[in-house]
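Notes for the one structure printed next.
Hydrogens, waters and symmetry mates play no part in the numbers below; they use all other heavy atoms, side chains included.
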Amino acid sequence: MGNALRIICGNCCKPTTAGDSESLGHHGVSAATVGVSALAQDLLHFEINSQVPQGLGKHVVSSKKAQANWYRKLLEAWREARPPPKTAEEASRLIIQTLKRHHKADVEGLLAFYGLPLPHALVQLSTGVPTSLPHGVKFEFQTLPVDARAVADGDTITVYVSTADPRESSCVPNEVQTAAVQRSMARAERNYEEADALHKKIIEAGYRVIFVQNEEVLARKYRIRLRGIDAPESKMPYGKESQEELVKLVEGKCLRIFVYTVDRYGRSVGDIYSNGIFVQEVMLKKGFAWHYDTYDKRTELAQWEAEARMKRLGLWAAKNPTEPWEWRKARREGH
């Protein structure tokens with residue numbers, strides 16, 4: 001646990017430029033990173049010396065003994081998170097969930113101490129992971145950790161599933177299995193040119209060898225189209241913001257995906273859950289996507305879009321945002 005916290009502190013707790021010194025918070029980090037990095041740093045200190053941070057008592061009402069109890073719980077929750085929180089919203093949700101039985105004033109005081117979003121500022125989520133396989137699901141799988149570069153836009157990502165998964169292990173082509181063994185042997189012999197050529201062959205077959213926790217894992221590639229939503233294309237207004245929001249939701253996470261069908265582009269169309277959060281719900285409620293009602297009639301998706309419209313969140317801040325399907329149609333027709 002200590003090593004994980006040191007990595008986060010090392011990456012987050014340094015000002016990026018000399019000018020950042022003007023906006024340093026009480027933990028000595030830039031305003032953009034103070035929340036998550038400061039929490040990680042304080043958890044590291046608590047793990048070492050069992051001391052809560054100085055100044056916390058000014059923000060909360062409970063005793064130092066109670067505060068130490070919070071940090072023990074938060075330390076355990078941080079240890080169990082895979083991966084640990086990276087964004088202020090993720091850190092806020094971890095605190096709220098971990099301390100949900102404690103006084104509201106203490107929870108909100110702790111959040112304020114770290115400059116993290118208060119409960120009312122977070123998108124209220126109503127959907128968790130289904131307890132049984134939803135009707136219409138063809139299959140489900142859990143991915144390996146997602147790379148940010150795999151997020152093409154706000155509704156399409158590329159994921160990889162380990163071939164050790166029972167569903168995958170029985171259908172790996174013989175030539176891919178052979179190439180993976182030969183590649184491993186070539187690397188052991190430091191014949192990296194041969195290893196690279198074999199990996200190219202593996203990739204062309206729809207697979208890839210990925211390093212996960214310092215181990216090589218042979219994995220199958222899937223392109224995923226988020227079911228029921230349509231996000232702005234990358235060259236459209238809010239296209240970049242939509243993509244960035246999806247990156248925040250899935251980067252580094254092992255996603256659970258329910259696949260319903262395959263579209264004409266060979267993408268698996270499915271519902272995505274990230275650390276128990278329904279990704280499409282967040283994208284709609286934050287105003288980073290439309291409900292794609294031509295292909296999905298779920299009333300809750302329409303309701304979530306309507307909520308974002310009413311609050312003028314995300315792309316709904318514009319008066320008449322162009323629907324991505326109309327934008328694509330205009331480009332096909334040369335307009």
Side-chain angles (χ1 to χ4, degrees), residues 123 125-127 130 134-141 143 146-159 206 221-251 253 255-274 277-335:
V123 170
L125 302 177
S126 57
T127 304
H135 176 72
V137 172
K138 302 299 183 184
F139 60 91
E140 67 169 301
F141 54 68
T143 74
V146 176
D147 191 300
R149 294 170 294 181
V151 180
D153 52 36
D155 57 37
T156 306
I157 62 175
T158 297
V159 301
K221 175 182 177 181
Y222 285 90
R223 290 183 67 219
I224 307 296
R225 178 66 163 80
L226 276 66
R227 177 176 175 247
I229 69 171
D230 199 1
E233 301 292 337
S234 57
K235 294 182 180 180
M236 293 178 63
Y238 291 95
K240 181 180 179 182
E241 291 86 347
S242 178
Q243 179 189 32
E244 289 174 347
E245 181 62 28
L246 185 54
V247 168
K248 289 179 184 178
L249 288 165
V250 304
E251 182 181 8
K253 310 291 198 309
L255 308 176
R256 187 175 178 185
I257 303 180
F258 295 98
V259 176
Y260 286 78
T261 187
V262 176
D263 69 12
R264 59 180 173 171
Y265 303 107
R267 299 175 299 188
S268 297
V269 180
D271 288 341
I272 298 181
Y273 294 85
S274 176
I277 293 174
F278 184 29
V279 171
Q280 283 98 310
E281 180 178 1
V282 177
M283 295 298 289
L284 287 168
K285 284 188 171 180
K286 286 193 171 185
F288 288 116
W290 277 260
H291 172 212
Y292 208 0
D293 58 1
T294 300
Y295 298 99
D296 194 308
K297 303 299 183 183
R298 284 179 286 181
T299 56
E300 62 268 31
L301 273 65
Q303 179 184 340
W304 297 335
E305 181 192 296
E307 289 177 18
R309 279 177 179 261
M310 182 178 63
K311 296 175 183 177
R312 301 185 68 82
L313 297 177
L315 60 90
W316 304 115
K319 288 186 177 180
N320 294 298
T322 301
E323 296 91 341
W325 54 88
E326 294 295 341
W327 187 86
R328 291 190 294 265
K329 179 181 178 181
R331 287 178 65 87
R332 287 195 299 269
E333 295 175 351
H335 296 167

*Mark yes or no for whether S274, through its side chain, and L249, through its backbone, hold a donor-acceptor pair below 3.5 Å.*
yes

*Over all atoms of both residues, closest heavy-atom pair of S242 and G154*: OG-CA, 3.3 Å

*Flag the pair Y273 / P130 as yes when at least one side-chain heavy-atom distance between them is below 4.5 Å, and no otherwise.*
yes

*What distance do Y222 atom OH and T143 atom OG1 have between them, rounded to the nearest 0.5 Å?*
11.5 Å

*Please name the residue in the list E241, E281, E245 that meets the side-chain hydrogen bond (donor to acceptor under 3.5 Å, both in side chains) test with K286.*
E245

*How many angstroms lie between CZ in F288 and CE in M283, if you round to the nearest 0.5 Å?*
7.0 Å

*Could you go through the side-chain contact (heavy atoms from CB on, under 4.5 Å) check for Y295 and D230 one step at a time?*
CA-CA 10 Å; Y295 298 99; D230 199 1; over 6 Å; no

_Heavy-atom neighbours of F139 CZ exceed 12 at 6.0 Å_ = yes

*Heavy-atom distance under 4.5 Å between the side chains of I157 and L255, does that happen here?*
yes

Using distance only, find each side-chain donor-acceptor pair of residues 309-323 under 3.5 Å and give its atom names and separation, not counting sequence neighbours.
unit_1	atom_1	unit_2	atom_2	d
R309	NE	E305	OE2	2.8
R309	NH2	E305	OE2	3.3
R312	NH2	A317	O	3.1

*Which pair of heavy atoms, one from A308 and one from K285, lies closest together, and at what distance?*
CB-O, 3.7 Å

_Just to verify, what does D155 make a salt bridge (charged side-chain N to carboxylate O under 4.0 Å, His left out) with, not counting sequence neighbours?_
R225

*Indicate yes or no: at least one non-hydrogen side-chain atom of T294 is less than 4.5 angstrom from one of W325.*
no

*Short question: side chain of D293, backbone of D296 - any donor-acceptor pair under 3.5 Å?*
no

*Are the side chains of R298 and R227 in touch, meaning some heavy atoms are under 4.5 Å apart?*
yes

*Could you pull out all residues at least two apart from Q243 that satisfy side chain to side chain donor-acceptor pair (under 3.5 Å)?*
none

*Working to the nearest 0.5 Å, report the span between CG of L301 and CH2 of W290.*
15.0 Å

*Determine whether P134 and Y260 make a side-chain contact, defined as any pair of heavy atoms from C-beta on separated by less than 4.5 Å.*
yes

_Please check if the number of heavy atoms outside K235 that lie under 6.0 Å from its NZ is greater than 12._
no

*Indicate the atoms forming the closest heavy-atom contact of V250 with V279, along with that distance.*
CG1-CG2, 4.4 Å

_Spacing of CG belonging to L246 relative to CG belonging to L226, to within rounding of 0.5 Å_ = 6.0 Å

_Sub-4.5 Å side-chain heavy-atom contact between L125 and V123_ = yes

*CD/Q280 to CG/D271 distance, rounded to the nearest 0.5 angstrom?*
5.0 Å

*When rounded to the nearest 0.5 angstrom, what distance separates CZ in F278 from CG in L284?*
8.0 Å

*Heavy-atom side-chain contact between V282 and K248 under 4.5 Å*: no

